[in-house]
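Structure first, commentary second.
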Amino acid sequence: MKLTKLFIFCFLSLFFTIYGQAQDLVVKGKVYDESGLSIPGATVLLKGTNKATTTDFDGAFEIKSPSKGILVVSFIGYTTVQQSVNGKNSLTFRLKSQSQDLNEVVVVGYGTQKKSVVTGAISSVKAKDLEKVPNGRIEQTLQGRVSGVTIAAQSGQPGAASTVRVRGLTTFDTYGGNNPLWVVDGVIVDSGGIGFVNQSDIESIEVLKDAASLAIYGARAASGVILVTTKKGKSGKISVNYTGFTGVSAPEKTLKLLNATQYGALMNEKSVAGGGPILYSDLTALGKGTDWQKQIFSNDAQRSNHEVSFSGGNDISTFFASFSVQDQQGIVSKPISNFNKKSIRLNSTHNLSKKIQIGQTLGYTHQKGVGLGNTNSEFGGPLSSALNLDPITPVVITDPIVSNSSIYTSNPVFRDANGNPYGISSIVGQEMSNPVAYVNTRLGNYNWSDDFIGNVFAEIKPIENLKIRSSMGGKIAYWGDEAFTPKFYLSPTVLSSQNSLTRATNQTFAWNIENTASYTKNIGSHDFTVLVGQGVYIDNNTRGSYVAHTNLPVNDYREASFNFPLPTAQRVGASYTSQEHRVTSLFSRLNYSFNEKYLFTGIIRRDGSSNFGPNNKFGIFPSFSTGWVVSKEGFWKENKIVNSLKIRGGYGVVGNDAIAANGFLALIDGGRNYTFGSAGSTISSGNSPSAPANPDLKWEETSQFNVGFDAKLFNDLNLTVEYYNKKTIGILQYVDLPGYVGATGSPLGNVADMENKGIEVELGYRKKMGEFNFSANGNVSYLKNEVTFLGQGKEFITNGVAGFQSMGEITRTQVGQSYNSFYGFKTAGIFQTQDEVNAYTNAAGGLIQPNARPGDFRWTDTNGDGTITNDDKQFLGSPLPKFTFGLTLNLDYKGFDLMAFAQGATGNHIFQGIRRLDILNANYQTEALSRWTGPGTSTTYPRLTNNDTNGNFGNSSDFYLEKGDYIRLKVVQLGYTLPSSFVNKVGAQKVRFYVTGENLLTLTKYTGFDPEIGGNIMGVDRGYYPQARTFMFGANVQF
Amino acid sequence: MKTINIKLLSFVTATVITLGSCSKEYLEVEPKGTNLESNYYQNQEQAFAGLVAVYDVMRKNSGGFENMITMMNAGSDDHYAGGGGASDGAGIQGFSNYSITANIMPSSLWNDHYQGIFRANYLLTKLSSVPMDAALIDRYTAETKALRANYYFNLVRMFKNIPLITVPMSTSEFYTVVQSAPTAVYAQIEKDLTEAITNLPTTVSTSESARFTKGAARALLGKVYLYQNKNTQAAAELAAVNGTPGGTSQYGYRLLTNFGDLWTVNNKFNTESILEVAHTNASSIGWENWGNGIDEGNSTNVMCGPRTYSKIASDAPDLPSGWSFNVFTQDFYDFIKLDPRFATTVLDMKDLQARGKASYIGGYQDTGYFLNKFIPRRSDVTTGTGEPVLNYRQNSYVIRLADSYLMEAEALGGTGARAQALLDAVRARVGLASTPVSLAAIKAERRAELAGEGHRFFDLVRWGDAATKLASRGFKAGKNEVFPIPYKELQNTKLVQNPGYN
């Protein structure tokens, strides 16, 4: 908001510097702050005109004015001051710094509110906070900037989404219910589909966190609402902006893996310990071997972003238009990891009369990219392969004896430019394959999407204080992918004996209509605003088709085409149509304020959803919140410690209907097929009832209690503290019926309860010392998540847990624990000698671990029954961070500016599962060098053996868990703005150059690539695509 | 300006009016592509689809990760679990080394069979009122009952103490169910099979292969009797199925001349096959649907193949790679080494590797001896879409004639001319000379003839030999004859865990 004001002032000043006409008087003056320091860049406006100028570096200005003119001086963060010229040609202005929060306006859903009278918990991010962050995904711009929001990237793949959780986990993630509701310019966007928003187009992002704020979006608000407002034009001269950067990305770190000699030694030891032979007799001959990571990581991945925007308008119409293009290569297997995004936006408003305004927003985004095909998966893909492959196999086979062996000559292997085949490991098999060769299986593949999203609105003020608004919004999205898989042979396991060309296309259409009326009335000290509204929402109007052509006559993606005439049998396809999701709503809000001292907000919303049974289609969601501005009381003595104080509190209930359609019906489902006939190729379709009906299926309800305060301290410090207690009851979940019931599907039911409690602190500080400006913004959030009920007599559920390879579940959801906490055995050191094994006995004198050998883990006998069974597993930590935090520092001095932003999380655990357990010869990280090899050698890393009967590696245990604490220097930007005197000469308003570093430093003890691991269950590292470190050079230019 | 004003106002008013109705009807979205339970089973086509859904669970014999064959093999003295590592398939590993608990018991072995029973119970209540040919109703009813009997037979053999549910339950009954005595379950199985036999066809057309016949139901009934020591009844039923040893029986059953032909993938529903589970590569499934209703592939194939197999010599078998489950024990290798069925039964990778003809990477508990009856061949790899390793099409036998010969001989007490003739016929087919019939001889013959087909564990338990034969694996008598009831079944229900598993 303020930035836009600044722009406009700048345009105005530009306009009048050039076109200003001669006036009677030339007024010279200076502008100071309270402490007597000059303020450069302040706007000096001749009241009642459009004539203005700005102060120079010394706070001086010069403006032509009639002798009776009035000058208005304003600057961001200061109160505006006006003074009559009264014939003087020299004036001095003193500006008082103002609490920036007081006049700040926040978007609250169906309207805006002055921040000073807001009673709910809303965090906001403004355009100026975003402009220094390299253009990426919108979720990442929120990371570390607002309290109460946990964000973790799901992959370092360019364009990849992040996991966003507002105030913890609100529900079990049956159907994406934990994703917040994104509302872009009033259009509800289905979860997960927010990637189309272009960061530079954003005016503000507001995160609604407490029930009192959320209730206005009652139906689907339980997991938080994020309101995105795009930029609008302002009346004034047309402004043209360019902003862009270009940069290079590289990995922040690679892992230390065994080299060939070390690998050979450990494999020998492991084999012998398991009763096998020595595998490598001459270890030194193995040398260092292949560094597979080096083969897949790039240090020169390109990244660039360019955007041009135009905005302007007059008393009747305003517009904002932008075009941007974003190009990014990934750091892993670059040829098959890249992303491109192009966006166009046009927003406009038009005043048909003083009483009627119409307007529209429209954004179009095209995204195209390709990914590795298999990330954060233990089952292959370049990352997993690079970590698990033996270092002995060469990348390329140059030895003609090997390359002429049948495996290379009789199979469609890939070859390098010299015609040599890529090495195929005969040591590590399964899904692991040469990652350099793997790239060839995905060349030319891509996925794409086209999103159109926009709305039109009309706003009428038929009488004073009454505003009627009607808006219609919609989103059309098309997405799909094209892939050619050649006939190939990467290993005896990873191969394709035929080629295929596939195309998938999908489209969805969502729309909503909302009509609101708001009436504001002021009676003395009483301010009322009443809003009533009605809305209709339809989404998931989705359909798609998939087609695959197999056995094409060509085997190169450049030649592959759907146009080859192929027999019908080689052309297969499938299509689907989703079931619409409909919601209808009535809502109303009352804001009341007495002298802006006593504040009250009450909201009630009634929603009906097509997802619920006939008995409970509608839900009513009420909320209220109150505020007390203590510092406005008569008894409040002005003091220098607490300048202002507002105490807030509220309670409300919101809902969640994020479940599959028809969940309440007993349906006949198909797909219970069988094959009859001796030919063995005719499949008959079988149908049967799936799950019992649940006509009582109803809204999941999340009630939340929130208290907080906003204070201004020591004139420079803004502090906001919140405490909340959020309880979700009747969590929508597939009911775990006993198996003997025989239902194939599970019915949906309102099953479980969960609680989140947290504390959030946001701190802002700004100080101006002469030409030196400093500001700091920090936030810390604490969160505790606990499952409180899972059904009568149910201690835990295994639905939706994380599994790992052959270990089975590694997380469990249990009453009294955080949702999906890590679950496994607890180690109690390593048996150093057989005597120690023999001494670990139960009450009956029997060995607790009869199969253990020296060097094996001692498992804790949790239940004390004298044997180690699965019942001894215990909770080992949560993947959910206890604390998340962020800190932004801004410095500027004369034309230079410096911004540093760091964020992090602590208190969570990560399951470090990058090694495949069932591949006996998979490589190890160098930590394995400190394994147990004899008494006293290690108490934490067990012996290596191919016959791991003790389950040292095969058991889910705390051995795999590491602390996920990290702090990351996310962005550092140093900029320089050319003096305006200079740029004005070339017709520009502002020219700024900058260098940015992203992900410069991560402090963590975590031994995997990256401690920031998103996903429905965060913190399970299966070979994670790490985030890149990028250096960028960029420019902002305004005309 | 005024006209615009009016237009806009009317526009807004119109939207308010048209959409103002927050009616319930607006929120009723008609489900598409599916039927409501309440109005299904209206015609023959829908009744048939209901019947197919009951057949669907037959796949459990050899489909899905925790299929019957792989699981039951793992716990026998002929096999180890194998796989990739000590924790690859916790349930399979746990059964193999007798550390199995309710927590790691693969619940699908319980659930899938009960799903079949649920579908059967449901269909049986609906069939009589479907407007269709009465004889066809009788046949569908008979098939449904035979299938239900088969599923209960698997359940009672695996878990012994199980709930017996024969009619659809209402929601309120879900948590009040108790276990029935095994005798009651067996009585229901016998009743279902006896009733089914009357109305089942003697033969089915080639397009209906895999559907229940009189012979299949009688063989199953004979087997059911045998498991209850009802030897006279067992012998009678099985005799009716077997006919003259070595000849063609009244239902057309006859031993194949060549033992190896039993495992030729194209040789589906041959004359030796009595009850066979159908698989196809045509379902084109991917990982996400592995083991569920639309998965028509055979999973034992990929599971028992050697890991990272690579053919070196031209005379080595051309195999895709597998996951090395169910490797044979050295003890079994020593037992079968000189038997003519050796090469068909065992893929000796140890030998192929030693001779440099092929290479592979040994998995967990690798002995180098792989289950050749189910080893996938390169030529079996699907050329269609879907995940190739999940779309193998080899059928598997639940009962084949050599099995029912030996069961009858066993029911006859292992003595007498007919028992001798039955045993001789099985041996003669593979070129073995007659050996005097005895229970010991029948046991040895079953082990060699039916190796790797999932029978051995049940045989050992039935014979009372499990405790001795499996002692070294950790088998505890009085406990490990049956599986633990999966943990989830005990949560908030009235079910009681099997002895020794608490």
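Each chain gets a letter, A, B and so on, in the order the sequences are listed, and its residues count up from 1.
If you measure heavy-atom distances from A/Thr493 to chain B, the contacts under 4.5 Å come from both the backbone and the side chain. Only the side chain of A/Ile407 comes within contact range of chain B, judged by heavy atoms closer than 4.5 Å. Interface remark: A/Ser684 contributes backbone and side-chain atoms alike to the contact with chain B (heavy atom separation under 4.5 Å). Looking at A/Leu495, the atoms closer than 4.5 Å to chain B (heavy atoms on both sides) all sit in the side chain, from C-beta outward. Contact of A/Glu795 with chain B is made through backbone and side chain together, with heavy-atom distances under 4.5 Å. For a residue to count as touching a neighbouring chain, one of its non-hydrogen atoms must lie under 4.5 Å from one of that chain's; by this rule A/Asn687 touches chain B with backbone and side chain alike. Of the two parts of A/Ala569, neither the backbone nor the side chain holds a non-hydrogen atom closer than 4.5 Å to a non-hydrogen atom of chain B. Residue A/Ser496: no heavy atom, backbone or side chain, is found under 4.5 Å from chain B. Heavy atoms closer than 4.5 Å to chain B are found in the backbone of A/Val583, but not in its side chain. The parts of A/Phe796 that come within reach of chain B are both its backbone and its side chain, each placing non-hydrogen atoms under 4.5 angstrom from that chain. Neither the backbone nor the side chain of A/Thr867 comes within contact range of chain B, judged by heavy atoms closer than 4.5 Å.
Among B/Phe174, B/Trp323, B/Trp110, B/Phe269, the residue with the largest count of heavy-atom pairs under 4.5 Å with chain A is B/Phe174. Comparing A/Asn551, A/Asn662, A/Asn694, A/Leu917 by how many heavy-atom pairs each has under 4.5 Å with chain B, the most go to A/Asn662. Contacts with chain B were tallied for A/Ala693, A/Ser690, A/Gly686; A/Gly686 has the most, counting heavy-atom pairs under 4.5 Å. Each of A/Ala679, A/Gly951, A/Gly608 has some count of heavy-atom pairs under 4.5 Å with chain B, and the biggest count is that of A/Gly608. Interface remark: of the candidates B/Gln46, B/Lys268, B/Glu296, B/Glu296 forms the most heavy-atom pairs closer than 4.5 Å to chain A. Between chain B and the residues A/Gly791, A/Gly274, A/Pro747, A/Ser609, the largest count of heavy-atom pairs under 4.5 Å involves A/Ser609.
The nearest pair of heavy atoms linking B/Thr280 to A/Gly680 is OG1-O, 2.8 Å. Of all non-hydrogen atoms in A/Ser681 and B/Ala282, the two that sit nearest each other are O-CB, 3.8 Å. Here the shortest heavy-atom pairing between A/Ser610 and B/Leu27 reads CB-O, 3.1 Å.
Other residues, nucleotides and ligands contribute more than 12 heavy atoms inside 6.0 Å of the NZ atom of A/Lys794.
In this structure the side chain of A/Pro689 reaches within 4.5 angstrom of the side chain of B/Tyr122, judged on heavy atoms. At least one side-chain heavy atom of A/Val741 sits under 4.5 Å from a side-chain heavy atom of B/Met169. Annotation: side chain of A/Lys617 is in contact with side chain of B/Glu28 (closest heavy-atom distance under 4.5 Å). In this structure, the side chains of A/Ile427 and B/Ile361 stay at 4.5 Å or more apart for every pair of heavy atoms. B/His279 is not listed as a side-chain neighbour of A/Thr675, based on a closest heavy-atom distance of 4.5 Å or more. Taking 4.5 Å as the limit, some side-chain heavy atom of A/Asn870 sits within range of a side-chain heavy atom of B/Ile104.
Atom-to-atom distance recorded for A/Tyr674:OH and B/Arg59:CZ is 10.0 Å, nearest 0.5 angstrom. Taking CG from A/Leu737 and OH from B/Tyr175, the interatomic distance works out to 5.0 Å, rounded to the nearest 0.5 Å. With rounding to the nearest 0.5 Å, the separation of OG in A/Ser410 from NZ in B/Lys311 is 8.0 Å. Rounding to the nearest 0.5 Å gives a distance of 8.0 Å between CG of B/Asp56 and OG of A/Ser688.
Checked by atom type and distance alone, the side chain of A/Gln498 pairs as donor or acceptor with a backbone atom of B/Thr383 at under 3.5 Å.
Side-chain contact annotation: B/Asn103 with A/Asp871, donor-acceptor N/O pair under 3.5 Å present. A donor-acceptor contact closer than 3.5 angstrom links the side chains of A/Thr744 and B/Arg119.
Under the ring-ring contact (aromatic ring centres under 6.0 Å, His included) criterion, A/Phe804 pairs with A/Phe911, sequence neighbours left out. B/Tyr360 is linked by a side-chain hydrogen bond (donor to acceptor under 3.5 Å, both in side chains) to B/Asp366, counting only residues two or more places apart in sequence or in another chain.
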Given the rule in the side chain to side chain contact (heavy atoms under 4.5 Å, CB included) test, do A/Leu665 and B/Leu36 qualify, once you have shown the distances and angles that lead to the verdict? CA-CA 7 Å; A/Leu665 293 172; B/Leu36 286 173; 3.9 Å; yes
Given ring-ring contact (aromatic ring centres under 6.0 Å, His included), test A/Tyr740 with B/Phe159 step by step and report yes or no. CA-CA 12 Å; A/Tyr740 58 72; B/Phe159 298 99; over 10 Å; no
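The aromatic rings of A/Phe676 and B/Phe48 sit tilted, their planes meeting at an angle between 30° and 60°.
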